[in-house]
Amino acid sequence: MSIKIRTAKADDAPFLAQMMLQSSRAEKKTGIFDLIFGSNDDAELLEKLERLATTEAKSHCNYRNFLIAEMDGKSVGTLCSYEPRISTQETFVKALEEVGCSDDVTDVLDVAYACDFNLNRNTLMLDFMEEAEGFVDVGVLKALMQKSLLNARMKGYSRAQTLIEIGSLEAELFYKKLGFNVVDEKECELYREAFGRNGLKLLSLEF
């Protein structure tokens with residue numbers, strides 16, 4: 001079966017919501033969206049994430065930042081790429097407010113951004129690289145990455161970066177196979193208390 005990569009559309013929001021929730025938990029009981037929306041109920045979280053994917057504020061969770069992989073017309077994977085100078089933390093807060101989050105959501109985000117990295121605003125950031133159940137290791141993620149980097153080159157970018165949790169050995173191995181290298185690592189007590197992971201690693205690729 002061939003893999004088709006396309007740009008996401010607004011009506012892909014339900015699938016994007018599933019992939020964002022799956023990615024945020026990454027084999028943990030609690031992910032960042034559980035904290036942001038104050039719930040562990042999947043149905044409620046998916047509804048909120050669908051709305052988050054289609055807000056006016058173009059946060060990193062906006063559908064316009066996503067590529068979708070399809071096989072036989074079925075959506076099987078996602079990859080988000082965004083520009084830090086556009087999809088800022090402030091933009092994320094505005095998007096969350098559109099969804100109905102209160103002002104104190106910034107307190108929750110302090111946990112997510114506790115492991116603060118000095119990100120280059122001229123770097124393309126990657127996130128939410130996920131494949132649907134039943135389509136693991138069939139080339140979905142590699143195809144998404146190749147298309148994303150091709151798009152990045154066309155926009156004039158020469159560096160892509162991503163954040164993974166310390167201890168995410170499978171994800172780190174996959175990125176390294178694609179040519180990424182760990183360039184920074186930060187352990188954060190707030191992050192450890194919230195998610196049970198020591199912190200984050202920053203990986204980078206020059207292309």
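Numbering starts at 1 and runs along the sequence shown. Just so it is clear, the model here is predicted, and its values are computed rather than measured.
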Colleague: What is the minimum heavy-atom distance between Glu185 and Phe117, and which atoms define it?
Modeller: N-CE2, 4.0 Å
Colleague: Within a strict 4.5 Å, meaning less than it, do heavy atoms of the Leu46 and Pro14 side chains meet?
Modeller: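 No - every pair of side-chain heavy atoms lies 4.5 Å or more apart.
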Colleague: Got a salt bridge between Lys94 and Glu90, using NZ or NE/NH1/NH2 to carboxylate O under 4.0 Å?
Modeller: no
Colleague: Just wondering, do His60 and Met125 contact through their side chains at under 4.5 Å, heavy atoms?
Modeller: no
Colleague: For Lys48, I'd like to know if atom NZ has over 12 heavy atoms of other residues, nucleotides or ligands within 6.0 Å.
Modeller: yes
Colleague: Going by the angle between their ring planes, with limits at 30° and 60°, are Phe128 and Phe66 parallel, tilted or perpendicular?
Modeller: parallel
Colleague: If you count the non-hydrogen atoms of other residues, nucleotides and ligands that lie under 6.0 Å from CD in Glu189, is the total more than 12?
Modeller: yes
Colleague: Measure the shortest side-chain to side-chain distance between Ser81 and Asn151 over non-hydrogen atoms and say whether it is less than 4.5 angstrom.
Modeller: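 A side-chain contact is absent here, since even the closest heavy-atom pair is not under 4.5 Å.
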Colleague: CE/Met129 to CE/Met19 distance, rounded to the nearest 0.5 angstrom?
Modeller: 13.0 Å
Colleague: Donor-acceptor pair, Asn62 side chain versus Asn65 backbone, under 3.5 Å?
Modeller: no
Colleague: So does Lys4 pair up with Asp72, basic N to acidic O under 4.0 Å?
Modeller: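 Salt bridge absent between Lys4 and Asp72.
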Colleague: Report yes or no: does Arg6 contribute a side-chain atom to a donor-acceptor pair with the main-chain N or O of Ile68 at less than 3.5 Å?
Modeller: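 No, Arg6 side chain to Ile68 backbone: no donor-acceptor pair under 3.5 Å.
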Colleague: Salt bridge check, Lys28 against Asp34: does any charged N sit closer than 4.0 Å to a carboxylate O?
Modeller: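 No.
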Colleague: Can you confirm whether Thr123 sits close enough to Tyr157 that some side-chain heavy atom of one is under 4.5 Å from a side-chain heavy atom of the other?
Modeller: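 The answer is no; the side chains never approach within 4.5 Å.
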Colleague: Applying a strict under-4.5 Å side-chain criterion to I, L, V, M, F, W and Y, I'd like to know whether Ile166 and Leu126 cluster together.
Modeller: no
Colleague: Are Phe92 and Ile36 close enough that some pair of their side-chain heavy atoms sits under 4.5 Å apart?
Modeller: yes
Colleague: Give the minimum heavy-atom separation between Phe207 and Ala152, together with the two atoms involved.
Modeller: CZ-CB, 3.7 Å
Colleague: Please find the pair of heavy atoms, one from Pro84 and one from Thr88, that lie closest to each other, and give the distance.
Modeller: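 Taking Pro84 first and Thr88 second, the nearest heavy atoms are O-CG2, 3.2 Å.
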Colleague: Hey, is NZ on Lys186 packed in by over 12 heavy atoms from elsewhere, all under 6.0 Å?
Modeller: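 Enclosed: over 12 neighbouring heavy atoms sit under 6.0 Å from NZ of Lys186.
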Colleague: Around atom CD of Glu206, are there more than 12 heavy atoms of other residues, nucleotides or ligands at under 6.0 Å?
Modeller: yes
Colleague: Within this structure, what is the OG-CG distance for the pair Ser148 and Leu79, rounded to the nearest 0.5 Å?
Modeller: 4.5 Å
Colleague: If only atom types and distance count, is the side chain of Thr7 paired as donor or acceptor with the main-chain N or O of Arg64 below 3.5 Å?
Modeller: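 No, Thr7 side chain to Arg64 backbone: no donor-acceptor pair under 3.5 Å.
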Colleague: Within the supplied structure, the quantity of interest is the number of heavy atoms (other residues, nucleotides, ligands) at a distance under 6.0 Å from Lys74 NZ; does it exceed 12?
Modeller: no
Colleague: Return the minimal non-hydrogen interatomic distance between Asp127 and Ser23, and the atom names on each side.
Modeller: OD1-OG, 4.5 Å
Colleague: Can you check whether Phe33 reaches Leu52 side chain to side chain, under 4.5 Å on heavy atoms?
Modeller: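 The answer is yes; the side chains approach within 4.5 Å.
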Colleague: Does a donor on one side chain and an acceptor on the other come within less than 3.5 Å for Thr78 and Glu130?
Modeller: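 There is no such pair (donor and acceptor under 3.5 Å, judged by atom type) between the side chains of Thr78 and Glu130.
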Colleague: Is the distance between the SG atoms of Cys188 and Cys115 less than 2.5 Å?
Modeller: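 Yes; the two sulfurs sit under 2.5 Å apart.
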Colleague: Ignoring hydrogens, what is the shortest heavy-atom contact between Val140 and Phe135? Give both atom names and the distance.
Modeller: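 Minimum heavy-atom contact is CG2-O, 3.9 Å.
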Colleague: A quick test of your reading: do over 12 heavy atoms of other residues, nucleotides or ligands sit less than 6.0 Å from CD of Glu193?
Modeller: yes
Colleague: How close do Lys201 and Glu172 get, heavy atom to heavy atom, and via which atoms?
Modeller: NZ-OE1, 2.9 Å
Colleague: With a 4.5 Å limit on heavy-atom distance, are the side chains of Leu163 and Leu203 in contact?
Modeller: no
Colleague: What I'd like to find out is whether the side chain of Asn181 reaches to under 4.5 Å of the side chain of Leu205, using heavy atoms alone.
Modeller: no
Colleague: Roughly how far, to the nearest 0.5 Å, is the CD atom of Glu98 from the OG1 atom of Thr55?
Modeller: 4.5 Å
